[in-house]
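Here the structure is laid out as structure tokens; the discussion comes afterwards.
As a basis for the values below, the full set of heavy atoms in this structure was taken, side chains included, without hydrogen atoms, waters or symmetry mates. Numbers restart at 1 for each chain; the letters A, B, ... are given by sequence-line order, proteins then strands.
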Amino acid sequence: MLEPERVVALRRRLQALEPLELEIHDDSAAHAGHAGAAGGGHYRVRIVSPRFAGLSRVQRHRLVFAAAGDLMQRGVHALAITALAPGE
Amino acid sequence: MDIQEKIRQQIAADPVVLYMKGTPDFPLCGFSAAVVQVLRRCGLKDFAAYNVLEDESLRQGIKEYANWPTIPQLYIKGEFIGGADIVREMYESGELQELLKEAGVLA
């Protein structure tokens, strides 16, 4: 499957969390041009990683944001996250 | 006043504080709208809301304050709760309603 450049970049960075499952959906088209979007993309991530076990939701999301790194400042306007530990 | 100090004072001033794009009646982002909707479904009549689109220093400052790169951001009793996904999950599990009751803002 051909993925847009940003999805590929996001996928590559999120590999740092050693995901057992990783789905990235690009919802950008649904949000094009709305106020405050500033040209960035909207993405939805579902990630299952053993790294999340025992962590709070905020801690899990921080790990995802940290892994996404500079993409959060350039290119990614919104990132909806479902972060699960195996078995959840 | 330093923006971080201003944010500290805003968060201390009200039991429920939402940083969002737009206003509760006219949200300008689906994620901000979702948090407002969840708070209202919990039965919350009133909460403090700050529109980051009206203040660029607030928009950047709040990201640094919570070390959280996105908006909306919800605070209850001074504590950072999360963004739209977390707020929705906590509403569905009933945790959010519990927190609001503990904060004394729900009957």
Practice item. Working to the nearest 0.5 Å, report the span between OG1 of B:Thr70 and CZ of A:Phe65. Key: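 So the OG1 of B:Thr70 and the CZ of A:Phe65 are separated by 4.0 Å.
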
Study note, to complete from the structure: Interatomic distance, OG@A:Ser56 vs CD1@B:Ile86, rounded to 0.5 Å, equals 7.0 Å

Practice item. Please check if atom CD in B:Glu79 has more than 12 non-hydrogen atoms from other residues, nucleotides or ligands closer than 6.0 Å. Key: no

hydrophobic_cluster_shared for [Y] and [X], side chain cutoff 4.5 Å:
{"X": "A:Val48", "Y": "A:Ile81", "result": "no"}
{"X": "A:Val45", "Y": "A:Leu84", "result": "no"}
{"X": "B:Ile76", "Y": "B:Val17", "result": "yes"}
{"X": "A:Met72", "Y": "B:Trp68", "result": "yes"}

**Study point:** Close side-chain approach of B:Asp85 to A:Thr82, heavy-atom, < 4.5 Å
**Key:** no

Review point. Hey, which of B:Gly82, B:Ala84, B:Pro69 has the most heavy atom pairs under 4.5 Å with chain A?
Key: B:Pro69

Check your understanding: Short question: side chain of A:Arg57, backbone of B:Val87 - any donor-acceptor pair under 3.5 Å?
Key ->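 No, because the side chain of A:Arg57 does not come within donor-acceptor range (under 3.5 Å) of the backbone of B:Val87.
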
Review point. Which class fits the ring pair B:Phe31 and A:His42: parallel under 30°, tilted 30 to 60°, perpendicular over 60°?
Key: parallel

Check your understanding: So what's closer than 4.5 Å to chain A heavy atoms on B:Ile71: side chain, backbone, both or neither?
Key ->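 For B:Ile71, neither part sits under 4.5 Å from chain A.
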
**Study point:** Nearest non-hydrogen partners of A:Val58 and B:Phe80, listed with the distance
**Key:**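 Result for this residue pair: CG1-CE2, 4.1 Å.
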
